[in-house]
Amino acid sequence: MTPAAISTRALTKYYGAVIGVEDLSLEVQQGEVFGFLGANGAGKTTTIRMLLDLVRPTSGTASVAGHDCQRNGLEARAQIGYLPGEMPVYPELTGAGYLSFLASIGSRPASRARIEFLLRRFDVSDLDLRRRMRDYSHGMKRKLGLIQALMTEAPVLILDEPTSGLDPLMIEAFGETIDELRRTGTTTVFMSSHILSEIDRVCERIGLVRHGHLVAVRTLAELRTESARRITVTFAAPVCTDVPAIPGVVVIARDPQRWVLDIAGPLGELLSSLNGLPVSDITMTAFTLDETILRMLGAESR
Amino acid sequence: MIALIRRSLGRTARPLIAVALVLCGFQLALIAAASSIAADGNVGGLARLVPGFLQPSLGLALLSFAGMTTIGFFDAIIVMLVVLFAIHLAAEPAGDIEAGLVDLLLARPLPRAWLVTRSVFVMMSSTVALVLVMTAALWVGLSWLAPTQASWPEPRVVVKMGAHLMLVAWCFGAWSLAASAWVRRRGTAVGIVAIVGVALYLIDFVGMLWRPLARVAKLSPFYYFHGGEIISGTANTAQDLAVLGSIAAAGFAIAYWRFSQRDL
């Protein structure tokens, strides 16, 4: 059986009295595009840095492609292409020199064709490559960061806030690249973000992390199914009946002419309860993924 | 490893060249000054002006043309310049952490110890290069500027001077590396070790003046590098170098251990 591309078991990191990550257990399967969501300081980067063995866990274990990140760190990291959240550079190097240096210290070769493809994809010209990195904009540094993470075609990509600082065209180029990787089925992408639209665009499954705790892991399809919808029931004649108590239904507003309800889960029971009432209209508005996730984080935190 | 070292040497090249030029310039100026004094027949006169407590070091050097031309290896400013340069180079791991470069490097399958080994190599080789350049400048300067009758310093003395200077620099480089394995900022590591270095220099200096401090002065690496003793042949070079080498080795060992344990 193929081991999970990324696996953590009760992973915990304390910084003195401060919780970095606590009891985080997670599995990401090979070929999956997994989004790791949370606010700033939620523990996303700490988790990533433990996967890279840059930070040592207080307890628990983490592995990449079946290799323990601490005990067999070299084997684990040989499987990884990584984009840091803050892109570090050697200011005195040119872009070409930077990519060449990073290619020379990895164990996986970066083919010329792959690098040229990525340079075209992220619109990095020869002129850009000849400039020293001290003259690069934030966005240009991020593009070089993405290229260095993708150039070795590592089986596991760990991307820390990959589209931060990119313009919309480059965000689209990034999305296309992830789509292509997904189609190959061999590359696993683990990306952290707090930009929900980006996660919605590229990820199949997400983990929500808050204050160092993994509060939920769902596929986007599950999230949409479970997500609350706002239903407005309008009556042709005044109705004095109470709103039936149905699990998952929250009454937002109620008067004899109109009920406004939020419902999570199947609609069947609610529709049955309306049978016999003078319903003139039913409108339904689905919450966006953003709203659903924010509500979920809020509910879990409560 | 070679790529790491090349990258690190690439960043070091400019400051290394600048320091080497300063040291070469000083060597040449010193030989020119010594030649002028020798031509005037004042060699030895300067030694009488040196206070008593400095006679064992500087006084002995000023007694001869050959001694004067070796001052470039043990003058306080020169020694501190070489030591501070070694401290700066060896603090590179903290600089990598501070700049976030460690994330980029160690996200690849590189052992952590390689970053320490790279900095050890760069610090040691740069120090060796400086000492070789100083020695070359000394011989070039002597060939070019020395009066024909003047006797040159014995190669044995120059080699010992260079070895002592190198080992003292390695001691502080090693402790800078150890400090950089603890802290997250290069400036912090450099600052701490530089201040300690100056303090230890002063302890050694005051130890020559004031007998009660003489015992404490043995804790200072500078205690094991007195140029006058090397010139006069009273230095126990093998023992001095062994002590300095041991201090450096301890610093390196601590750096390797701490860097392997820490969160980066």
Side-chain angles (χ1 to χ4, degrees), chain A residues 13-16 20 45-46 48-58 64 67 69-70 72-93 97-108 110 133 141 144-145 148-149 152 154 156-160, chain B residues 1-18 88-89 91-119 121-122 126 180-187 255-264:
Chain A
K13 178 65 185 179
Y14 298 128
Y15 296 101
T45 300
T46 299
I48 286 174
R49 288 170 64 80
M50 283 193 279
L51 292 173
L52 295 166
D53 194 31
L54 294 167
V55 168
R56 299 276 159 78
T58 307
V64 171
H67 303 288
C69 295
Q70 273 69 50
N72 301 309
L74 294 182
E75 289 85 349
R77 282 181 275 138
Q79 310 298 316
I80 295 174
Y82 172 55
L83 171 72
E86 294 285 329
M87 196 57 214
V89 297
Y90 290 97
E92 71 279 8
L93 279 184
Y98 185 71
L99 292 178
S100 167
F101 167 64
L102 292 175
S104 70
I105 60 170
S107 63
R108 309 181 71 83
M133 294 193 84
K141 287 177 191 168
L144 263 280
Q148 63 83 28
T152 59
V156 177
L157 282 174
I158 296 181
L159 310 174
D160 197 353
Chain B
M1 177 59 93
I2 290 168
L4 282 178
I5 289 172
R6 279 180 57 192
R7 180 86 287 281
S8 191
L9 286 174
R11 306 188 91 186
T12 306
R14 283 187 182 181
L16 179 65
I17 290 168
H88 169 75
L89 292 182
E92 191 179 16
D96 287 342
I97 293 169
E98 183 177 5
L101 290 166
V102 76
D103 286 34
L104 209 55
L105 300 174
L106 293 183
R108 289 165 168 77
L110 303 181
R112 282 187 178 201
W114 280 22
L115 296 193
V116 180
T117 304
R118 168 210 59 184
S119 296
F121 180 86
V122 170
S126 298
S180 80
W182 246 280
V183 301
R184 301 192 69 82
R185 290 180 187 281
R186 189 173 201 166
Y256 275 106
W257 168 77
R258 177 61 190 156
F259 205 72
S260 71
Q261 303 293 312
R262 71 174 296 182
D263 287 340
L264 297 171

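- The closest side-chain heavy-atom distance from A:L102 to B:R108 is below 4.5 Å.
- Residues A:L52 and B:D103 have side chains not in contact (no heavy-atom distance under 4.5 Å, counting atoms from C-beta outward).
- Ranked by non-hydrogen atom pairs under 4.5 Å with chain B, the options A:I158, A:L93, A:I80 are led by A:L93.
- Contact tally against chain B (heavy-atom pairs below 4.5 Å) for A:K13, A:E86, A:R108, A:Q79: the top residue is A:K13.
- Going from atom CZ of A:F101 over to atom CG of B:L104 covers 8.0 Å, rounded to the nearest 0.5 Å.
- Both the backbone and the side chain of A:Q148 come within contact range of chain B, each with at least one heavy atom under 4.5 Å from a heavy atom of that chain.
- Distance CD1/B:I97 to CG/A:L54: 9.5 Å, rounded to 0.5 Å.
- Minimum interatomic distance between A:V55 and B:L264 (heavy atoms only, all atoms of both residues): CG2-O, 4.2 Å.
- For the pair A:P88 and B:A99, the tightest heavy-atom approach, listed with the atom from each and the gap, is CB-O, 3.3 Å.
- Heavy-atom distances place both the backbone and the side chain of B:A107 under 4.5 Å from chain A.
- Between B:L106 atom CG and A:R77 atom CZ the span is 6.0 Å, to the nearest 0.5 Å.
- For A:M87, the part lying under 4.5 angstrom from a heavy atom of chain B is the side chain only.
- Closest heavy-atom contact between A:I105 and B:A3: CG2-CB, 3.8 Å.
- With a 4.5 Å cut-off on non-hydrogen atoms, B:L105 touches chain A through its backbone and its side chain both.
- Between chain A and the residues B:Q261, B:R6, B:R262, B:R112, the most heavy-atom pairs under 4.5 angstrom are made by B:R112.
- By the 6.0 Å contact criterion, CZ on B:R185 is open, its count of non-hydrogen atoms from other residues, nucleotides or ligands being 12 or less.
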